[in-house]
Amino acid sequence: MSATAASAPTADLNEKQDRILEYLRTNVDERTYFKSRLIAQDLDLSAKEVGSNMRAIIEADISLTVEKWGYSSGTTWKVTA
């Protein structure tokens with residue numbers, strides 16, 4: 001994926017969703033599982049904001065597969081390229 005494609009905003013996503021998506025794209029090669037609270041910490045959002053915006057990311061036409069994976073001490077998302 002080119003740097004331009006990775007950083008280009010997705011038309012159907014708002015600013016928070018674009019930030020979360022960019023975070024996932026940047027880190028997906030290094031890990032598969034992401035906790036909402038840790039994404040929130042890194043992006044200066046609340047875990048609730050991350051969780052509520054993930055639905056739009058899941059439904060968007062993006063190059064990643066995002067699945068709600070588990071809920072133990074917060075929601076975990078499985079992300080694969």
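- Residues Val50 and Ile20 approach most closely at CA-CD1, 3.9 Å, considering heavy atoms.
- Legend: residues meeting side chain to side chain donor-acceptor pair (under 3.5 Å) with Thr26, ordered by chain and number and at least two apart, are Glu22.
- Sorted by first then second residue, the ring-ring contact (aromatic ring centres under 6.0 Å, His included) pairs that include residues 39-68, not counting sequence neighbours, number zero.
- Arg19 is linked by a salt bridge (Lys or Arg N to Asp or Glu O under 4.0 Å) to Glu15, counting only residues two or more places apart in sequence or in another chain.
- Among pairs with a residue in residues 38-54, those fulfilling salt bridge (charged side-chain N to carboxylate O under 4.0 Å, His left out) read Lys16-Glu49, at least two apart in sequence or across chains.
- Under the salt bridge (Lys or Arg N to Asp or Glu O under 4.0 Å) criterion, Glu30 pairs with no residue, sequence neighbours left out.
- Atom CG of Leu21 sits about 9.0 Å away from atom CE of Met54, to the nearest 0.5 Å.
- Rounded to the nearest 0.5 Å, atoms CD1 (Ile39) and CG (Leu24) are 5.0 Å apart.
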Side-chain donor-acceptor distances from residues 74-81 under 3.5 Å, at least two apart:
from	atom 1	to	atom 2	distance (Å)
Thr76	OG1	Lys35	NZ	3.2
Trp77	NE1	Ser36	OG	2.7

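- Note that the CD atom of Gln17 and the CD1 atom of Ile62 stand 10.5 Å from one another [nearest 0.5 Å].
- We find the OG-CG distance between Ser52 and Leu45 to be 9.0 Å, quoted to the nearest 0.5 Å.
- Between atom CG of residue Asn27 and atom OG1 of residue Thr32 there is a gap of 11.5 Å, rounded to the nearest 0.5 Å.
- In terms of hydrophobic clustering, with Ile, Leu, Val, Met, Phe, Trp and Tyr side chains grouped at heavy-atom distances under 4.5 Å, Ile58 and Leu13 are assigned to a common cluster.
- Applying the ring-ring contact (aromatic ring centres under 6.0 Å, His included) definition to pairs two or more places apart or across chains, those involving residues 30-58 are Tyr33-Trp69.
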